[in-house]
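What follows is a short report on a single structure.
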Amino acid sequence: MSALSPEGRELLLSRIKDVADYPKPGVMFKDITPLLADPQAFAALTDALAELAGQYGATKIVGLEARGFILAAPVAVQAGIGFVPVRKAGKLPGATLAQSYELEYGTAEIEVHAEDLAAGDRVMVIDDVLATGGTAEASLSLIRRAGAEVAGVAVLMELSFLPGRERLAGALAGAPLDALIVV
């Protein structure tokens with residue numbers, strides 16, 4: 001399943017801080033900044049994700065805006081493969097591919113540089129949290145529209161009380177989905 005030992009999982013969990021009523025009342029926000037500030041925990045996270053990149057046979061890593069960038073870039077460097085940011089619409093210069101998706105309160109759009117992914121690329125998507133799955137699902141569409149193959153999706157944390165995994169099931173088309181921590 002995941003590339004993280006029970007001790008590693010416990011280390012990561014111990015560095016994730018619950019923040020009540022953020023960004024709005026009733027929400028329990030999972031703050032990963034203490035994990036990022038701890039070099040041992042951040043290294044364990046990067047090692048586990050880089051191991052998954054190898055297992056997936058990834059040739060490129062896509063990081064989803066914004067915290068996905070923080071996790072994905074060092075994984076790409078450690079794995080010796082390219083990093084490609086998927087950004088909110090209007091943030092990338094030049095020719096882009098765009099994908100709209102539904103949110104619980106409206107729609108959003110993400111983009112990738114058209115030339116950054118191509119046929120023959122096996123792309124691993126990395127993000128911090130899998131919640132409703134909308135952004136991840138849209139990124140899988142972008143990857144395929146660029147002609148690349150989805151190697152898999154890996155997240156630091158999956159919120160099991162939200163339908164992200166179910167939403168992604170069809171879009172993954174058999175590619176793996178790994179969550180290092182499930183809450």
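What you see below is based on every heavy atom in this structure, not just the backbone, and it leaves out hydrogens, waters and symmetry mates.
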Apply side chain to side chain contact (heavy atoms under 4.5 Å, CB included) to Leu35 and Leu45, showing your working. CA-CA 9 Å; Leu35 185 157; Leu45 172 59; 3.8 Å; yes
For residues 67-84, run the donor-acceptor check on the side chains, cut-off 3.5 Å, and write out each pair with its distance to 0.1 Å, sequence neighbours left out.
| residue | atom | partner | partner atom | Å |
| --- | --- | --- | --- | --- |
| Arg67 | NE | Asp128 | OD2 | 2.4 |
| Arg67 | NH2 | Asp128 | OD2 | 3.3 |
| Gln78 | NE2 | Asp47 | OD1 | 2.9 |

Non-hydrogen side-chain atoms of [X] and [Y] separated by less than 4.5 Å:
| X | Y | answer |
| --- | --- | --- |
| Leu156 | Ile181 | yes |
| Glu111 | Arg87 | no |
| Val86 | Gln99 | no |
| Val183 | Leu159 | yes |
| Val182 | Ser160 | yes |
| Leu177 | Arg165 | yes |
| Asp121 | Ile143 | no |
| His113 | Pro93 | yes |

Could you state whether [X] and [Y] fall into the same hydrophobic cluster, counting links through intermediate Ile, Leu, Val, Met, Phe, Trp or Tyr residues with side-chain heavy atoms under 4.5 angstrom apart?
| X | Y | answer |
| --- | --- | --- |
| Val19 | Phe161 | no |
| Leu92 | Tyr101 | no |
| Leu13 | Ile32 | yes |
| Leu130 | Leu172 | yes |
| Leu103 | Val27 | no |

Rounded at 0.5 Å granularity, tell me how far [atom1] in [X] sits from [atom2] in [Y].
| X | Y | atom1 | atom2 | value |
| --- | --- | --- | --- | --- |
| Leu97 | Ile110 | CG | CD1 | 10.5 Å |
| Ser139 | Leu168 | OG | CG | 8.0 Å |
| Met157 | Asp127 | CE | CG | 10.5 Å |
| Glu149 | Leu140 | CD | CG | 12.0 Å |
| Met124 | Ile61 | CE | CD1 | 5.0 Å |
| Glu115 | Thr96 | CD | OG1 | 9.5 Å |

Could you please spell out the steps behind the side chain to side chain contact (heavy atoms under 4.5 Å, CB included) verdict for Leu52 and Ile126? CA-CA 10 Å; Leu52 286 172; Ile126 293 179; over 6 Å; no
Can a donor-acceptor pair be found, under 3.5 Å and without considering hydrogens, that links the side chain of [X] to the backbone of [Y]?
| X | Y | result |
| --- | --- | --- |
| Asp31 | Asp18 | no |
| Lys60 | Asp116 | yes |
| Ser100 | Glu109 | no |
| Arg15 | Leu36 | no |
| Thr46 | Ala43 | no |

Between Tyr56 and Asp178, a side-chain donor and acceptor under 3.5 Å: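 Yes.
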Which atom of [X] lies closest to which atom of [Y], heavy atoms considered:
| X | Y | value |
| --- | --- | --- |
| Arg122 | Ala151 | NH2-CB, 3.6 Å |
| Ala44 | Leu11 | CB-CD2, 4.2 Å |
| Val123 | Ala148 | CG2-CB, 3.9 Å |
| Pro34 | Lys17 | CG-CB, 4.1 Å |
| Ala41 | Leu12 | O-CD2, 3.3 Å |

Would you say Phe29 has more than 12 foreign heavy atoms packed within less than 6.0 Å of its CZ?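 Check passes, neighbour count above 12.
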Side chain to side chain contact (heavy atoms under 4.5 Å, CB included) between Leu142 and Leu117, intermediate numbers included: CA-CA 9 Å; Leu142 275 180; Leu117 299 173; over 6 Å; no
